[in-house]
Amino acid sequence: MSHQTMVKYDWQSGSRNPWIICCLLQVLPRQTCGLFTHTIFYKQYPGGPEELDRSIQGGELFFTLLFNPVSIFMTHLSNYGNDRLGLYTFEGLLKFVRCWTRLRVQTLPPLAVAEKYFQLFPAERKPLWQNPCDDKRHWEIWSKENSCDRLPQLIIIGPQKTGTTALHAFLSLHPALTPSLPSESSFEEVQFFNGNNYYKGIDWYMDFFPVSSNTSSKLRFEKTANYFEAEAAPERAAALLPRARLIAVITSPTDRAYSWYQHQRAHGDPTALNHTFLEVVSAGPEGSSALQALQHRCLNPGLFSTHVQRWLQYYPATQVSPRSQ
Ligand SMILES: Nc1ncnc2c1ncn2[C@@H]1O[C@H](COP(=O)(O)OS(=O)(=O)O)[C@@H](OP(=O)(O)O)[C@H]1O
């Protein structure tokens with residue numbers, strides 16, 4: 001057997017590493033890259049060729065195929081024509097499966113596989129970023145320029161109008177804390193876990209936390225006040241920053257709602273300018289959609305229990321610090 005390249009994607013690590021359908025492009029999830037991304041000889045297979053044969057004949061590779069509805073194995077395109085170790089591996093695997101199981105093995109062109117995959121795993125149409133530093137295999141194939149010291153350990157999650165700007169300013173003065181860099185569009189807020197910035201990826205997020213020699217020992221933090229009520233934020237934050245500490249500021253929901261109403265008036269929101277606070281908070285279903293939307297923004301973040309409970313589904317209570325003003 002001559003030299004060949006085999007790339008194996010490990011489906012058994014349990015890590016969710018999905019990709020997305022974006023701009024009409026279907027990108028299949030590339031699972032954790034497990035074994036070989038370099039050229040190897042059959043005889044030099046780690047543990048000996050019998051290890052590879054064992055994996056094919058009822059071992060790890062066989063189980064990978066057995067337990068996953070869709071298996072994707074890749075080889076580098078340039079090696080595709082003469083990847084003899086790949087051909088050996090998969091011919092052997094298919095023979096073994098046909099001989100010993102009743103599985104009907106199907107092959108499909110890439111687009112059809114993508115369609116099938118997203119049909120089976122619709123939740124994976126959207127990404128859920130995880131910390132590459134938590135898995136040695138991810139970390140090893142990650143860009144050399146990246147560092148594990150570029151994610152926050154503390155997040156002020158809001159809600160809006162509870163004094164989060166002041167809290168952010170006070171914490172920024174502390175010598176042991178480093179705030180995220182200000183955003184051009186949203187000032188001190190990064191706005192990553194709650195909206196479309198999330199799709200810009202973790203490199204985009206990490207750029208808010210530059211590493212420098214005198215800050216690496218400091219605790220990095222960011223504040224985004226509308227993470228608190230954003231439905232997707234707890235799961236996303238916990239996937240990337242499972243050990244982060246969170247601060248939520250709890251204040252009177254009425255004061256908070258009124259502050260938001262005034263905020264909107266100050267920003268020239270016509271609905272807030274044309275209605276009293278009482279009209280906004282007491283509007284019924286017959287009110288205009290703009291009025292309903294304003295009412296929602298006034299009241300929804302104040303449903304503290306609902307939102308805190310959602311965060312507690314993803315973070316242990318010991319990491320969430322509700323703070324009253
Ligand atoms: N230390 C302290 N204690 C209590 N309240 C405080 C404090 N600092 C600021 N504030 C009041 O908080 C309101 C602004 O909240 P935020 O900074 O969270 O607003 S924002 O969501 O970032 O826009 C805003 O409330 P209103 O003045 O009622 O609008 C601030 O006055």
Side-chain angles (χ1 to χ4, degrees), residues 152-198 205 208-209 219-234 236-237 241 244-283 290-312 315 319-325:
Q153 299 104 316
L154 175 71
I155 314 177
I156 303 168
I157 57 174
Q160 286 180 301
K161 314 315 292 181
T162 57
T164 54
T165 309
L167 179 61
H168 178 272
F170 297 146
L171 292 182
S172 301
L173 297 174
H174 196 287
L177 298 175
T178 309
S180 54
L181 294 175
S183 154
E184 273 175 23
S185 54
S186 43
F187 308 102
E188 79 276 1
E189 301 211 336
V190 181
Q191 303 266 350
F192 180 62
F193 295 111
N194 51 325
N196 285 339
N197 285 336
Y198 188 71
Y205 187 50
F208 286 93
F209 306 94
L219 204 69
R220 293 170 295 280
F221 77 99
E222 69 125 324
K223 170 279 223 212
T224 298
N226 47 7
Y227 284 164
F228 184 70
E229 75 274 11
E231 300 252 336
R236 289 174 173 179
L241 309 168
R245 312 275 315 202
L246 311 174
I247 298 179
V249 186
I250 304 298
T251 177
S252 150
T254 315
D255 292 351
R256 203 219 69 81
Y258 187 67
S259 177
W260 178 256
Y261 166 77
Q262 290 295 355
H263 174 107
Q264 289 303 89
R265 284 175 70 91
H267 285 80
D269 175 356
T271 314
L273 290 171
N274 291 333
H275 292 88
T276 65
F277 180 59
L278 185 60
E279 284 167 357
V280 173
V281 294
S282 56
L291 190 59
Q292 306 279 341
L294 179 60
Q295 183 187 63
H296 185 76
R297 294 294 303 273
C298 279
L299 300 181
N300 179 51
L303 304 175
F304 296 131
S305 152
T306 305
H307 302 307
V308 167
Q309 275 174 33
R310 191 177 328 104
W311 282 94
L312 290 176
Y315 280 94
Q319 281 172 238
V320 183
S321 310
R323 289 275 176 265
S324 57
Q325 275 182 344

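We count ligands from 1, going down the list as the structure has it; atoms in each ligand are counted the same way. Counting from 1, the numbers follow the sequence of the chain as shown.
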Side chain or backbone, does [X] bring an N or O within less than 3.5 Å of an N or O on ligand 1?
X    : result
G163 : yes
E189 : no
T165 : yes
H263 : no

By number and element, which atoms of ligand 1 are closer than 4.0 Å to a non-hydrogen atom of [X]?
X    : value
K223 : 22 (O)
Q160 : 21 (O)
A166 : 8 (N)

Item to check | Heavy-atom pair with the smallest gap, counting every atom of E188 and S180 | outcome: O-OG, 4.0 Å
Looking at [atom1] of [X] and [atom2] of [Y], how far apart are the two atoms once the value is rounded to the nearest 0.5 Å?
X    : Y    : atom1 : atom2 : result
L241 : Y315 : CG    : OH    : 5.0 Å
H307 : L312 : NE2   : CG    : 13.0 Å
L167 : K223 : CG    : NZ    : 9.0 Å

Next on the checklist: Centroid separation under 6.0 Å, is that true for the rings of Y261 and H275?
Outcome noted: no
Checklist entry - Between F192 and Y227, is the gap from one ring center to the other below 6.0 Å? => result no
Checklist entry - Should Q262 be listed as contacting ligand 1, given a heavy-atom distance under 4.0 Å as the test? => result no
Checklist entry - Any chance the side chains of T164 and Q160 put a donor and an acceptor closer than 3.5 Å? => result no
Next on the checklist: Residue-level breakdown please: for R256 versus ligand 1, do any non-hydrogen atoms fall below 4.0 Å on the side chain, on the backbone, on both, or on neither?
Outcome noted: neither
Next on the checklist: Please state which option from E188, K161, H168 has its nearest heavy atom closest to atom 19 (O) of ligand 1.
Outcome noted: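 Among E188, K161, H168, the closest heavy atom to atom 19 (O) of ligand 1 comes from K161.
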